[in-house]
Structure formats: structure tokens, C-alpha cells
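Structure first, commentary second.
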Amino acid sequence: MAHHITPRTRMRLLATASLVTAGALALAGCSGGSGQEAESGDSLKLWHFEGANSAMGIAWDQAIKTFEEETGATVTFEEKSFEQIRSTSSQVLNSDEAPDIMEYNKGNATAGLLASQGLLTDISSAVDEYGWADKLAPSLQTTAKYSEDGVMGSGAWYGIPNYGEFVTVYYNKDMFAAAGLEIPTSYDELVDVMDAFVAQGVTPLAEAGLEYPLGQLWYQLALSKADRQWVNDYQLYENPVDWQGEAVSYATDTVKEYVDKGYISKDVSGVKAEDAGVSFINGTAPIFVSGSWWYGRFVDEISGFDFGIFPFPDSDLSLGSSGNLWVVPENAKNKELAYKFIDITMRPEIQALIGNNGGLPVAAQESDITDPKSLELIQAFNAVNEKDGLSFYPDWPTPTFYDTIVAQLQELVNGTKSPADVQQALGDEYESYASDFR
């Protein structure tokens, strides 16, 4: 699909650089690092924002050690937060302060925007040289390639992911057993499970309307009535999206129904993602529909019960994508060293570290995963990939869509807007941006 970028679009892209929102805000973290500079040519200046005890933080720390041992170069790892990188990237990358390699959020409004501005290196030749494409499933490659307009899915390679993420259904095994309930294998059975908990005076779904989780549930409901072409239309602007059509209408009506039936708290519009996650951790809510980024924390912090996961019933499509990308700024001073570091993070031993610490490696061998709880998550992710089910996130199509989805769904659950009016408002913003790319 070829696109011509209009002057109006280019102006909008530049103007919205500082407004970029993230589909995986829960991944934001802060890492410690060294501030000592080595001589250019002997050092690799690296930025990332993963926590030191996260799966990626642990694996990348080992990758740094391996890199230094094998190359003799020094890695200068600078402490950055997710928000620092998000809010200053355009300005920093356009200067001589740019790092040689950094972690950056994937999607049209983030990596695609920087690529369209000429701030990221086209790494296609390195992809060929190192054979990285062979290690990435097609849906994982989607977020690594961008057109001249910054639209993902085609064009040159501008990044490499070495982990993945997806949204699944977490459940409290002990609460299910106590209620005599089993894992639902159909959507009707899921409704029966939620009805059973409501009858016991339990609100079944941990949910948050002040941040991303409610929007993710809304999109998962839409995906359950959609197909791959609908995803391509919504995310890649291949064809117009019908904002009053079956998939969107079902999702919006069902979220409202969930509140009315007591599946979700009536106070959901004031609840943050952290609060929703904690309500699952402390055993208040038996079900939580959210991302794999919670998994390692649940393993660490849940002590009073056993938890498990199951796919959202009767849906071949799931939210998810590659994780964030390793990108090489156009102004990087040591691009070849950056490629060498990326390659080390794709090695089986580094991938296994991601996998054995609660992350989702993109190129690990299952036989290298020794932790049974980690293997459960990886096998679930692989099952989604095997049917090409990863369908990205609802807020990706426009730079400000995240805030709009949150605000509109708050109005929906508060009863201040009808489902049709919410869909109209979402569609108006979506079309004001997406129409420039068709």
C-alpha cells in the first residue's frame, strides 16, 4: 500500500511529536546506569527504560557484559525513564547528543513518526546481514517496518524487537475452585462464570477506566467479532473502518452491559491500572484481562493463591505485538556496534534469560525455558503467534487516540454518553488522522 504524505499531514506529524502516547504504558520503568563517557568509537551509548529486575532488564544487563567481553568496547548505559525518552526523543535525536542505540515504543505514532522525520536509521542491510527476519514471526515484523509516511507493516526496517507482549485472561484458581467453576472455553461459558461470581456478591473483573485496561477490554471484544482484514483496516488504514458496524458496536454495547450487570465496578472510571492489578494480586477480583507485562509481577507478589491464564474465549485475535524496538538513531556515532549489540540480544542464551524471568522472548527455544510458570506464558504467546493472532492495540492509529479512548469510555460507563455517541466521537478523531493515509 503506497501513501503520499501531504504537507498537512507532515505538519501534523511534526506538531504531534510531543503528544505521542503509548499502547503499553504499563511497561514504563526506570533503570539505573553509568554516566561515564568513553571515547567515541570505543563506546556504545545505550538508553533503555526497563526496570533492573524486569525480564528485559536482567537479559540486557547480561547482553551488555557479553558485548563488552567480545568487542572490547565499553557500554555507556544512561538512566532514562519511559517518559523522558517519549517526551524528548525528537529533539535529542536531532542533535549530537543522540545515543547509538535505544529502546523505543513501536507503532505509527511513535517509531513510525521518528522514521518519517528521518531521525532513525534504515537498518534493512543489517537485518539481512544478521538474519534477524528469520527469527521474527510475520506479525512481530509488522511493527519493525515503516513506510515513508511512518505507517507500520511495509517499507524499510527501522527497529528490531527481541521480546513480545500480548493480552490474555488471568484468573484466580482458588476462587474458581471455591465457586465450583472451570476455565471457560466459550464466550457463553465466560458469561456464566461472571454471573456466578455476581450471584456470590463478587465483582468478577478487575478493571480500570482511568487508564488503559478498559480500552483494551473494549478492543478485545471488538476483535472477537472481527477478522484480520478488519485489523489491517483499523491499524494500517487499508480501508475505512465502520464505526457503527458490528465489531465496534458489539464492543461498546458489551462494555456498557458489563457495568450494568455488575461484571465491572460502577466506579471503574476512577480506577487506575495499578489499582486494578492490585485488586487481582490481593484476591479481591477473580479475573483480570490485561497484558503479559503483569505476569512476572504476579509470580513475585501473589502468595495467597494460585493463578493461571486462558485465552479470551471465541476469539482468534488478541491484543499484542512485538515488544518495544531497538532503534539506531540516524545521528548515532557507532552504528556497527549497535548492530552487534542487537544481535547479542537475539542469541538463544539471552532470549532464555528473558523467558526464564517472566518475559516473552521472540526467538527462544522452549527447551531452554526451565521455569514452568514462565513456560506457561511462552506457550500461550506462541499459540497466538501460530495463528497470526496478534492484533496490536486500540490507541495506535493516532497520536492522541489513547487519551480519547480513555475519555470516551469513561463517558460510556458513567452513562453520560450513549454507545452510538461514543463511537461517533471515536470515529471522528480516527478519521481526521487516518484519512490522510488512504
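By the 4.0 Å N-to-carboxylate-O rule, K106 lies close enough to E165 to be salt-bridged with it. Between E70 and K65 there is no salt bridge, since none of the side-chain N atoms of the basic residue sits less than 4.0 Å from a carboxylate O of the acidic one.
Note: Y234 OH to N232 CG = 13.5 Å, rounded to the nearest 0.5 Å. Separation of atoms CH2 (W218) and CG (D253) is listed at 12.0 Å; rounding is to 0.5 Å. Between the CD atom of E257 and the CD1 atom of I264 there is a distance of 10.5 Å, given to the nearest 0.5 Å. How far CG of D314 is from OG1 of T185: 8.0 Å, rounded to the nearest 0.5 Å. The CG atom of L412 lies 8.0 Å from the CG atom of L214; values are rounded to the nearest 0.5 Å. Going from atom CD of E78 over to atom OG1 of T76 covers 7.0 Å, rounded to the nearest 0.5 Å.
Judged purely by atom type and a 3.5 angstrom limit, R228 has no side-chain atom pairing as donor or acceptor with the backbone of L317. Using modelled atom types, one side-chain atom of D100 and one backbone atom of K333 make a donor-acceptor pair closer than 3.5 Å. With hydrogens and angles disregarded, a donor-acceptor distance shorter than 3.5 Å links the side chain of N356 to the backbone of D371. Here the side chain of N331 pairs a donor or acceptor atom with the backbone of L93 at under 3.5 angstrom. In terms of modelled atom types and a separation under 3.5 Å, the side chain of Q235 and the main chain of Y393 share a donor-acceptor contact. Within the 3.5 Å criterion, the main-chain N or O of V362 finds no donor-acceptor partner in the side chain of K135. The closest donor-acceptor contact from the side chain of Y146 to the backbone of G159 lies at 3.5 Å or more, if one exists at all. Using a distance-only test at 3.5 Å, with no hydrogens or angles considered, no donor-acceptor pair links the side chain of N334 to the main chain of L337. For the pair E68 (side chain) and V75 (backbone), a donor-acceptor distance under 3.5 Å is present. Counting only distance, with no hydrogens or angles, the side chain of T252 and the backbone of S249 share no donor-acceptor pair below 3.5 Å.
Within the cation-pi definition used here (under 6.0 Å to the ring centroid, within 45° of the axis), K373 qualifies as a partner of F307. Geometrically, K80 does not engage F49 in a cation-pi contact, judged by NZ or CZ lying under 6.0 Å from the ring centre and within 45° of the ring axis.
Here the side chains of S318 and V167 are not in contact, with every heavy-atom distance at 4.5 Å or above. In this structure, the side chains of L120 and E330 stay at 4.5 Å or more apart for every pair of heavy atoms. Between L375 and P372, every side-chain heavy-atom pair lies at or beyond the 4.5 Å cut-off. Looking only at side-chain heavy atoms (C-beta outward), E211 and P213 come within less than 4.5 Å of each other. For the pair T168/F312, no side-chain contact is recorded, criterion being any heavy-atom separation below 4.5 Å from C-beta on. Between M194 and L205 there is a side-chain heavy-atom pair separated by less than 4.5 Å. Put simply, the side chain of L360 does not reach to within 4.5 Å of the side chain of I354, judged on heavy atoms. Between H48 and M56 the shortest side-chain heavy-atom distance does not fall below 4.5 Å.
Screening W47, W326, F77 against W60 for a ring-ring contact (aromatic ring centres under 6.0 Å, His included) leaves a single residue, W326. Screening T254, T203, D195 for a side chain to side chain donor-acceptor pair (under 3.5 Å) with Y263, the sole residue that qualifies is D195.
Residues T284 and N282 bring a donor and an acceptor atom of their side chains to less than 3.5 Å of each other. The closest side-chain donor-acceptor pair between T121 and Y158, if any, does not fall under 3.5 angstrom. Under 3.5 Å, the side chains of T404 and Q408 contain no donor-acceptor pair of N or O atoms. The closest side-chain donor-acceptor pair between S265 and E207, if any, does not fall under 3.5 angstrom. Inspection of the Y237 and N108 side chains reveals an N or O donor paired with an N or O acceptor under 3.5 Å. Residues S322 and T143 have side chains that bring a donor and an acceptor to within less than 3.5 angstrom of each other. Using modelled atom types, one finds a donor on one side chain and an acceptor on the other under 3.5 Å when comparing S269 with N414. Counting only N and O atoms by type, the side chains of Q220 and S315 include a donor and acceptor under 3.5 Å apart. In this model, a donor atom of one side chain and an acceptor atom of the other lie less than 3.5 Å apart for N382 and E366.
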Subject >> Criterion side chain to side chain donor-acceptor pair (under 3.5 Å) on S290 and Y170, from CA distance to verdict >> reply: CA-CA 8 Å; S290 197; Y170 294 90; over 6 Å; no

**OP:** List the steps, then state whether side chain to side chain donor-acceptor pair (under 3.5 Å) holds for S124 with D122.
**Re:** CA-CA 6 Å; S124 301; D122 175 349; 2.7 Å; yes

Subject >> Stepwise salt bridge (Lys or Arg N to Asp or Glu O under 4.0 Å) check, E274 with R297 >> reply: CA-CA 12 Å; E274 173 70 11; R297 180 174 173 187; 2.7 Å; yes

Original post:
Could you go step by step and tell me if E376 and Y295 meet the side chain to side chain donor-acceptor pair (under 3.5 Å) rule?
Top reply: CA-CA 10 Å; E376 178 186 13; Y295 195 87; 3.1 Å; yes

**OP:** Show your working on side-chain contact (heavy atoms from CB on, under 4.5 Å) between L377 and F166 and close with a plain yes or no.
**Re:** CA-CA 10 Å; L377 181 69; F166 76 123; 3.8 Å; yes

Subject >> Worked check of side chain to side chain donor-acceptor pair (under 3.5 Å) between T345 and N162 >> reply: CA-CA 7 Å; T345 69; N162 63 19; 2.8 Å; yes

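Looking at every heavy atom in both residues, V241 comes nearest to Y430 through CG2-OH, 3.6 Å. In terms of heavy atoms, A364 sits closest to Q351 at N-OE1, 3.7 Å. Across all their heavy atoms, N385 and S139 have their closest contact at OD1-OG, 3.5 Å. Residues I287 and V193 approach most closely at CD1-CG1, 4.1 Å, considering heavy atoms. In terms of heavy-atom proximity, S374 sits nearest to G358 at OG-N, 3.6 Å. Minimum interatomic distance between S90 and L114 (heavy atoms only, all atoms of both residues): OG-CD2, 3.5 Å.
No more than 12 heavy atoms of other residues, nucleotides or ligands shown are found within 6.0 angstrom of NZ on K272. Within 6.0 Å of atom CD in E182, 12 or fewer heavy atoms from other residues, nucleotides or ligands are found, so the atom counts as exposed in its surroundings.
Ring-plane geometry between F298 and W294 is classed as parallel, the angle between the planes falling under 30 degrees on a 0 to 90 degree scale with a further cut at 60. Ring geometry for F341 against F67 counts as perpendicular: the plane angle is over 60°, on a 0 to 90° scale with 30° as the lower cut.
For Y212 and Y219, the ring centers are positioned 6.0 Å apart or more. Y130 and Y339 have their aromatic ring centers separated by at least 6.0 angstrom. The aromatic ring centres of W396 and Y402 sit 6.0 Å or more apart.
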